[in-house]
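Here it is: the structure, laid out below.
First listed ligand is number 1; within each ligand, the first listed atom is number 1.
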Amino acid sequence: MITNRQVVLKRAPAAMPKAADFEAQSCAMPAGPPADGLLVRVIALSMDPYLGGRLRGRHMGEPAPVPGAKLPGFAVAEVMESAHPGFQPGDHVVTETGWCRYAAVPAAGARKVTPGLTPISAHLGVLGMPGLTAWAGVTQLAKVGPGDVFVVDAAAGAVGGTAGQIARNLGARAVGIAGGAMKAALVTETYGFDACVDYRTDGWQARLKAACGAGPTVHFENVGASVLQPIFPMLQNYARLVLCGLAEHYHSDGQPPVLPVGPIVGKRAAIYGLVVYDFYDRLNEWVALATPWIAEGRLIVHEDASEGLDSAPAQFERMLKGQHLGKAIVRVGPDRT
Ligand SMILES: NC(=O)c1ccc[n+]([C@@H]2O[C@H](COP(=O)([O-])OP(=O)(O)OC[C@H]3O[C@@H](n4cnc5c(N)ncnc54)[C@H](OP(=O)(O)O)[C@@H]3O)[C@@H](O)[C@H]2O)c1
């Protein structure tokens with residue numbers, strides 16, 4: 001017999017959400033697909049930094065879930081029953097199921113994905129929202145090309161790792177910044193960046209400067225002020241900065257980060273704020289570019305997976321603390337692709 005489970009919010013998180021703020025419990029199986037919707041089986045759940053902010057009502061105006069509510073979040077899932085002519089049982093979709101094994105979802109929010117060279121869960125990472133974010137920042141905002149010196153932090157993660165690989169494939173020198181020796185090794189040895197600096201070691205700024213030669217022409221920011229401030233003096237004139245994420249500030253109740261206005265003028269720097277929602281209608285363009293790169297081994301999919309829905313709270317806490325390597329996911333059910 002098929003049984004359903006979900007993870008709910010036990011109490012509103014005070015600051016950084018912790019595994020103990022959540023509870024896995026049995027729940028009713030959806031009776032079937034909603035009108036014009038789908039009944040789906042979750043294969044993998046995406047663990048994304050924005051969810052920490054969302055749980056505290058700090059993400060793009062979305063309300064915080066109330067205690068007792070199922071945790072929100074996107075998943076890759078298999079269609080079991082469809083009440084929509086555009087979907088058939090056996091199709092695979094990325095959709096917001098929340099944290100559960102089985103969900104009834106509107107077809108309008110479901111995006112069909114095709115099994116291919118990668119595990120289907122790659123559509124939550126390199127071939128999904130994080131990969132699209134990287135592509136948009138690198139190619140549409142900073143317009144990276146040959147001769148650029150491209151620097152990105154959180155370089156072992158889904159966004160940073162993909163951004164550096166895209167930049168390198170487009171002819172730039174890719175330099176990563178990452179927290180810890182294992183992450184730095186992943187960035188250079190597996191992702192193939194030209195260099196990576198572990199910012200948890202003394203003298204990282206000097207090593208970054210040396211790795212960048214004349215200085216970065218493009219910097220892609222995922223972390224916040226502690227990285228951005230020391231980067232500024234290293235930038236070449238007319239550098240482009242993509243502000244993508246501020247992971248170190250999401251769970252801090254301190255002052256918001258401040259940009260050094262003087263150096264922006266002195267460097268004649270251009271700054272681009274990036275919101276991936278602006279680029280969702282171009283996801284197919286990114287997947288078409290990424291697919292041959294994956295086949296040629298020039299774009300690596302690296303996942304950090306925990307097993308089973310009940311592991312989601314602990315995996316989420318690990319991800320929020322930056323203890324994962326690559327794209328953090330939870331494998332909920334078998335990938336039969
Ligand atoms: N603008 C957009 O539309 C958009 C879309 C998707 C993602 N993002 C942002 O892009 C960034 C990367 O996303 P991702 O999914 O690839 O995540 P990720 O890089 O896998 O995880 C975030 C990383 O931030 C770093 N970090 C530094 N200080 C931290 C702190 N105090 N707390 C937590 N993490 C800290 C950690 O890497 P190190 O240990 O290497 O420092 C951590 O692994 C995030 O800021 C995310 O919010 C933005």
Proximity winner for atom 47 (O) of ligand 1, if only heavy atoms of Phe279, Tyr250, Tyr199 are counted: Tyr250
Does Met319 approach ligand 1 within less than 4.0 angstrom via side chain, backbone, both or neither, non-hydrogen atoms only? neither
Have a look at ligand 1 and work out which part of Asp153, if any, has a heavy atom under 4.0 Å from it: side chain, backbone, both or neither.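 Contact part for Asp153 vs ligand 1: neither.
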Find out if a path of hydrophobic residues (ILVMFWY) with successive side-chain heavy-atom gaps under 4.5 Å connects Ile177 to Tyr191. no
Give the minimum heavy-atom separation between Glu248 and Ala225, together with the two atoms involved.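 The answer is OE2-N, 2.9 Å.
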For ligand 1, does Val276 get within less than 4.0 Å through its side chain, its backbone, both, or neither, judged by non-hydrogen atoms?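 Under 4.0 Å from ligand 1, Val276 contributes backbone and side-chain atoms.
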Any N or O of Val159 closer than 3.5 Å to N or O of ligand 1: yes
With a 4.0 Å cut-off on heavy atoms, is Cys244 in contact with ligand 1? yes
Ligand 1 versus Arg200: contacting region, heavy-atom distance under 4.0 Å: side chain
Side chains of Arg207 and Thr201: any donor to acceptor distance under 3.5 Å?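 Present: a donor and an acceptor within the cut-off.
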Nearest-option assignment for atom 45 (O) of ligand 1, heavy atoms, candidates Asn222, Val223, Leu132: Asn222
Please state which part of His251 comes within less than 4.0 Å of ligand 1, counting heavy atoms only: side chain, backbone, both or neither. neither
Closer than 4.0 Å to some heavy atom of Gly245 - which atoms of ligand 1 meet that?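 Atoms satisfying the 4.0 Å criterion: 9 (C), 45 (O).
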Within reach of ligand 1, part of Lys183 (heavy-atom separation under 4.0 Å): side chain
Atom 20 (O) of ligand 1: which of His324, His59, Lys321 has the nearest heavy atom?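 Going through His324, His59, Lys321 one by one, His324 has the nearest heavy atom to atom 20 (O) of ligand 1.
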Could you give me the CA-CA distance, side-chain angles and deciding distance for Glu62 and Arg54, then say whether salt bridge (Lys or Arg N to Asp or Glu O under 4.0 Å) is met? CA-CA 7 Å; Glu62 292 161 330; Arg54 182 162 172 193; 3.7 Å; yes
Polar contacts were defined as any N/O atom of the residue lying under 3.5 Å from an N/O atom of the ligand; does this apply to Pro130 and ligand 1? no
Checking side-chain polar atoms at under 3.5 Å, does Gln165 have a donor or acceptor matched by the opposite partner on Arg168? no
What about Gly179: any of its N or O atoms under 3.5 Å from an N or O on ligand 1?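 Between Gly179 and ligand 1, an N or O pair is found under 3.5 Å apart.
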